Amino acid sequence: MRFIGDILQTIFGFSLPEQASEKAYLVDDLYNFVLLLSIVGFIGLMAAMTFFIIKYHRSQNEKAAYIPHNALAETIWTVIPTIIFVGIAIWGLFAYFKMEHVPSNAYKINVTGKQWLWEFTYKKDGLELNTTDIMYVPVNTPIVLDMTATDVIHSFYVPSFRIKKDTVPGMRTRVNFTATKKGDYRIFCTEFCGTSHSRMRGTVRVVSKARFEKWLNREIAEANVSDPVELGSRLFARNCMTCHNVDTTTKIGPGLAGVFGKNRSFSNAADVVANEEYIRESILAPPAKIVKGFPNKMNSFAGLLSEKDIDHLIEYIKTLK
Amino acid sequence: MSTAKIDRRVEHSHHFSSMQQEYEAGKQGVWIFMATEIMMFGGLFVGYFIYRFAYPEMYIAGGDSLNWVQGAANTLVLLVSSFTMAQAVTETMKGDNKKALKYVIVTTACAFIFLIVKYFEYSAKVHHGLFPGFDMWNPDMEYIKSHIRDTSLLANFSAENLRLFFVLYFAMTGLHGIHILIGIGLMFWIMKRLKNNEFSSKYYTAVEGVGLYWHIVDIIWIFLFPLMYLI
Amino acid sequence: MSATDAHSHGNYINCEKGLWSWLTTIDHKRIALMYFISIMAFFLVGGLFAILLRLELLSPEPIFMTGDFYNRAMTMHGSIMVFMVIVPGVPALLGNFALPIMLGAHDVAFPKLNLASWYMLMLGAAIAVLSLFWGGVDTGWTFYTPYSGKSADAVTMVVLGAFIMGFSSIMTGVNFIVTVHKLRAPGMTMMRMPLFVWSLYATAIIQVIATPVLGITLLLLVFERTFGVGIFNPALGGDPVLFQHFFWFYSHPAVYIMIIPAMGIVSEVIATFSQKTIFGYKAIAFSSLAISAISFLVWGHHMFVSGQSALSGSIFSVLTMLVGVPTAIKLFNWVATMYKGRVKLDTPMLFAINFLALFTIGGLTGLFLAAFNVDVHLHDTYFVVAHFHYTMLGGALMGFFAGLFYWFPKMSGKMYNEVQGRISAIMTFVGFNLTFIPQFIMGSQGMPRRYHTYDGIFTPYHVASTIGSWIVASGFILAIYILARDFFKGEPLKDGNPWNATTLEWTNTEIVPIHENFTELPTVTGRPYEYR
Amino acid sequence: MAHIVPLNVNIKTLTTLVVLTITTVVTAKYVDLGHGHYNLLLAMFIASIKATIVLGWFMHLKYDGMMNRAIALCGLAFLALLFGFSYIDLFYR
Ligand code: HEA
Ligand code: HEA
Ligand code: CUA
Ligand SMILES: [Cu+2]
């Protein structure tokens, strides 16, 4: 059987992306089979039609025959398609359930879709690692993705693995695969989710098991540092760097070095000395006090950063000199 | 005929070939519209049951907070109006426009009574912050607690879910109410024509059609009443 | 009767004059002409959006559109084409014109309802299109929640527009069912009805049963947006997948609203242009009904990867395959009709052959999508886009144009330019395949749909597709131009039955039908298509 | 032309409907059928009977042709479908 599948794959393979997962062939086999059948059916039908058009063209045929029906012919072309179509459906079901079957030792990664990025969460020994954009997975290891979304529906699609599943807010969906080849594979979001739907792409990076372990240990240790200043600096890099420099130079907002403890003057409020309360307010309600000479460009981070995050940010800003 | 100035239909429209044919066509058209009504409300009922099985306790809490006496009264009002409507059709078929008119007037009166009761119900709900929209949602939990039949249900209960019940309550009874309003409009149209003595034992399609519509509105309420108020 | 006197001279076009007489007409043929103008206008607008989309997709990175603009154009294209062109297209335009005459009736059962239906379509369309000036809509034509619950303000408008257009569709459906049941001429039994009428009848059933569910779904969406009710919003305990169930309960049957009438046209055209009795009349007639019944059982095939349960997925997959059977029967019967016929390739027949070839491809690719596990890979890729353009454009629209050219002489009393007609048919065929075959390939390779920017590996396919779109567009513009020009300037017909067809609209009317269709109702004595 | 339903039949119909309404209220409010959805089922059962009576007598389906009955049934059948399939999904998810 596999042999036939391989032959078809060599003929029609050009239309499908590279197979890079253990179960990809389940999709390809049926795809190729239906394609073959369709080509045969289509050519057969069109050949018959063309032949009739030419042979029985009005210039060739004086008188039309009178054939209102033919029980045998009609039975044949009712029964045969029924068998074929239902056969395809049943094949598809079996293949689907095979694909859905999750091996019990599968390695679990949590996936969250949000406008417009993918977030991957790895867990190990009670520690957590959140990454975006690139999903590292070990080769030849069953992986199960436990997925959800935070805002609207997205859909997690890796063409080379032949997997796709919507991620639905308020619901958990699962998808599983075993990558068979090292390399980078594309992730697409395939459920329309707004402005940057088409940019909600990512990469699965399949690496050897050893490298994966190493990567995970390193990253997870990195991610779980508890030094508030270090954490604050990371948050700052991710959220604030686009507008603030860490020296005294202006970007979009003021450079933050040395701000803490200094007297600040505003275009819409009385002066204050920058203390923790003030920085907290600057993050949560920026328009309350707009620094003199600056536009009201900063959006509130309320709801986006946790209380802890803000504490860490403050600790970090304190250190900027 | 002595009643020549009255526009009484004795002749079928030009594209039909008999009164009988025109009558049957008209009636069938109304029936098909009734099928669409069934599908339309049906969609809402599907939503109702899905959420009912998802959050049974909130439906009980929500239902208990409705005033079932008012609901039952309205059910009776609609049943009576259905009866008078059926009777109006009977009289029109007999050719007695005057009697039929009286029945239609009673039917319309019932429709108004229904709406008035509904108005009191709605305003009570709005008063307790149970209208799930326009930032009016602010449920009065004391009110809910004092009405629920089994307080142990309140254990796994969230106001968010209760909101879903009231969404469906207002959507379904609201759409039903709009149908009642449309029905009242149709009644006035019929009354005018009955007053003009336009119908006869040969031509009464319009009355019968409005009748069918009115009964469907009643049937929908027959389901809404237990689902919303009782169960 | 006085009404008849006023119309007793001249044909239906010139028996009354002035714009007002058109806007208040209850003559089904005049209403059909009003649909003609409006639907062609919608089609050009929808097509214009398509051309813009294709231009933008020439390059993987944005050329002249922002993401938001692209999404709006894509949504407008889909919604206009579906709700304003192809759903009302065949039934409301050609059906309105031909159905009563084919049955031997003076008019549809409820002529005023018929006119009201046109106004509803216009009102709904106006609201939907005007939404562009309120910022447009970017949800895709499927309006999936929760996205549509919070995106652009104009969603409410478009959804209301679609709601109103739904009523238009219901009204047409009711009218046709009753007309078929009650207004057949003496001797016109159900089994003597032309196949186009059968197909409209099957379609009307879907319109009447399915459209109300769309109505209520859209209404709930409006509530969701204006009151923030949360039925479909998971944050408030709602279920977003439920919206998809409701939506597809209508919208899958809706795709058969588009295709079944086109199939009816193809049946007429193939029998007439083969000058041979249709093969398997009963099978074709009943397969229309079978399709419309089964079409209600398969909607979940749009939701294979939505998180719906595997059990329902399985059931839907098997049932979906069953829809293919009656469709296959029709295709085989049409080809068998040509066997030993006297085939002539005039423009309507060329469009019908376009239909046969392209719809077969569309249908066969439907089988890929209906296979549960294959759809996991293909769902929401360009493979689906190509599939539904092959069925809707290659199928429904080609059939529609076959019908337009076929009934054009009866509508106008003129003959269109045959050579130019054939050129337009061939151009659309060539351009169409150039546009959409590359989409099958890139879809299989994983190019997702509704993508404004894309991965560079797909560029060659997109470029080919865009070039193709210019050819299809020119083909259709040419076809519309021919029809519009020759309506006024075409060569007047000498014979009321230029195709030697057998149905009543050709055999028993004037060259251009009179207002009342027939001075005396015909009596039918046998089946249509009796070429002996 | 069509069957005329006399007053006394309409009165009987109304009476039956009122009695059934009272039954609905009493069974729902004062008879507890315990856990599960038995109360719901009972109420729906009575409501269906009431709807059938309205359809049959007030709406004259009892005296009407097959076609109109078929149309009404058709609506209900397709509704059942929408129910059925939506539940298959929800309960097996
Ligand atoms: C006119 C419109 C039309 C028609 C007729 C069809 C017909 C069919 N469609 Fe299609 N479909 C759409 C319009 C249409 N579709 C649209 C618009 C969408 C996308 C909506 C969106 O998401 O925006 C869609 C999406 C769609 C999907 C969902 C894809 C996805 O999103 O993942 C599926 C899945 O099952 C599907 C299946 C089918 C099938 C099985 C048929 C069958 O009816 C086809 C039957 C025909 C045949 C089978 C061919 C003839 C048979 C023979 C010649 C027999 C000989 C051959 C052999 C023996 C092999 N369609
Ligand atoms: C019957 C329905 C129908 C028809 C006929 C068409 C016709 C065309 N469609 Fe459309 N299409 C849909 C229905 C249809 N489409 C639907 C439902 C979607 C899904 C939307 C969604 O995802 O929500 C879609 C989506 C869709 C996409 C995918 C967008 C995406 O996923 O990002 C593409 C891309 O190539 C496309 C292309 C085309 C092209 C090139 C044509 C061509 O055939 C068009 C030919 C053009 C013309 C015939 C007219 C050209 C006119 C002019 C150039 C100017 C003259 C103008 C005036 C005088 C005003 N369509
Ligand atoms: Cu996320 Cu599309
Ligand atoms: Cu479908």
Side-chain angles (χ1 to χ4, degrees), chain B residues 19-20 23-24 27-28 30-32 34-39 41-43 45-47 49-50 52-54 56 59 68-69 71-72 75-76 79-80 82-87 89-91 93-94 149 201-204 208 211-212 214-216 218-220 222-227 229-231, chain D residues 1-7 9-11 13-15 17-18 20-22 24-25 27-29 32 37 39-44 46-55 57-61 64-65 67-76 78-80 82-87 89-91:
Chain B
M19 288 289 269
Q20 173 74 14
Y23 162 72
E24 283 177 4
K27 188 164 165 188
Q28 190 173 78
V30 178
W31 266 109
I32 297 174
M34 294 307 105
T36 68
E37 289 286 346
I38 293 176
M39 291 309 290
F41 269 98
F45 279 105
V46 173
F49 279 108
I50 282 174
R52 176 169 189 108
F53 291 124
Y59 274 80
W68 71 267
V69 180
T75 312
L76 294 181
L79 287 179
V80 170
S82 248
F83 161 75
T84 52
M85 192 66 225
Q87 201 48 37
V89 174
T90 299
E91 294 301 342
M93 282 166 136
K94 287 190 195 151
R149 72 181 83 135
S201 57
K202 286 221 178 63
Y203 172 69
Y204 48 80
E208 201 177 6
L212 289 177
W214 193 251
H215 297 309
I216 279 283
D218 187 19
I219 287 184
I220 290 161
I222 286 177
F223 284 97
L224 279 180
F225 168 59
L227 286 179
Y229 294 80
L230 297 179
I231 294 297
Chain D
M1 275 196 282
H3 185 91
I4 299 182
V5 184
L7 176 64
V9 173
N10 279 342
I11 290 180
T13 312
L14 175 64
T15 322
L17 288 170
V18 171
L20 283 173
T21 306
I22 295 169
T24 315
V25 173
T27 53
K29 279 278 152 194
D32 189 355
H37 300 289
N39 270 99
L40 177 67
L41 281 178
L42 178 65
M44 285 300 94
I46 301 178
S48 311
I49 297 178
K50 285 167 74 181
T52 316
I53 292 173
V54 174
L55 280 167
W57 277 270
F58 278 167
M59 298 173 83
H60 303 180
L61 265 195
D64 212 328
M67 191 41 90
N68 289 345
R69 289 186 211 177
I71 292 168
L73 268 182
C74 205
L76 294 173
F78 281 108
L79 188 58
L82 178 59
F83 264 85
F85 278 102
S86 307
Y87 289 130
D89 175 17
L90 280 145
F91 290 154

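Owing to the predicted nature of the structure, the values given are computational and were not obtained by experimental measurement. No hydrogens, no waters, no symmetry mates; every other heavy atom, side chains included, goes into these values. A, B, ... follow the sequence lines: proteins, then strands. Residue 1 opens every chain.
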* Closest non-hydrogen atom pair between D/S86 and B/I50, with its separation -> CB-CD1, 4.1 Å

* Side chain, backbone, both or neither: which part of B/F53 has a non-hydrogen atom closer than 4.5 Å to chain D? -> side chain

* Structure fact -> D/A51 and B/F223 have their tightest heavy-atom pair at CB-CE1, 3.7 Å

* To do: Please state whether the side chain, the backbone, both or neither of B/L76 comes within less than 4.5 Å of a heavy atom of chain D.
  => side chain

* Asked: Is there a side-chain contact between D/H60 and B/E208, using heavy atoms and a 4.5 Å cut-off?
  -> yes

* Relative to chain D, which segment of B/V30 carries a heavy atom at a distance below 4.5 Å: side chain, backbone, both, or neither? -> neither

* Which portion of B/I216 sits near chain D, non-hydrogen atoms under 4.5 angstrom -> both

* With a 4.5 Å cut-off on heavy-atom pairs, point out which of B/V89, B/D218, B/I220, B/L227 contacts chain D the most. => B/L227

* Asked: Checking heavy atoms, do the side chain of B/F225, its backbone, both or neither come under 4.5 Å from chain D?
  -> side chain

* Asked: About how many Å separate CD of B/Q87 and OG1 of D/T13, when rounded to the nearest 0.5 Å?
  -> 10.0 Å

* **Under 4.5 Å from any heavy atom of chain B - which part of D/T27** => neither

* Approximate separation, where rounding is to 0.5 Å, of D/L7 CG and B/F83 CZ -> 5.5 Å

* Closest approach of B/T90 and D/N10, non-hydrogen atoms and distance? -> OG1-ND2, 3.5 Å

* Asked: Rounded to the nearest 0.5 Å, how far apart are CG of D/L20 and CD1 of B/I222?
  -> 9.0 Å

* For chain D, the option from B/S82, B/G71, B/G211 that forms the most heavy-atom pairs under 4.5 Å -> B/S82

* Structure fact -> Most contact-rich option vs chain D, by heavy-atom pairs under 4.5 angstrom, among B/I32, B/T36, B/V80, is B/I32

* Minimum-distance pair of heavy atoms, taken over all atoms of D/L79 and B/M39 -> N-SD, 3.9 Å

* **Part of B/I38 lying under 4.5 Å from any heavy atom of chain D** => both

* **Heavy-atom pair count under 4.5 Å with chain B, highest-scoring of D/F78, D/F58, D/Y87, D/W57** => D/F58

* Asked: Which heavy atom in D/M44 sits nearest to a heavy atom in B/P226, and how many Å separate them?
  -> CE-CG, 4.1 Å

* **Spatial distance of atom CD1 (D/I53) from atom NE2 (B/H215) [nearest 0.5 Å]** => 13.5 Å

* Checking heavy atoms, do the side chain of D/T24, its backbone, both or neither come under 4.5 Å from chain B? -> both

* Contact part of B/W214 toward chain D, heavy-atom cut-off under 4.5 Å: side chain, backbone, both or neither? -> neither

* **Atom group of B/T75 that falls short of 4.5 Å from chain D, counting heavy atoms** => side chain

* Answer whether the closest heavy-atom distance between the side chains of B/W31 and D/M59 falls below 4.5 Å. => yes

* Asked: Run the side-chain contact (heavy atoms from CB on, under 4.5 Å) check on D/L40 and B/Y59 step by step: do they pass?
  -> CA-CA 12 Å; D/L40 177 67; B/Y59 274 80; over 6 Å; no

* When rounded to the nearest 0.5 angstrom, what distance separates CD in B/Q28 from CD1 in D/I71? -> 4.0 Å

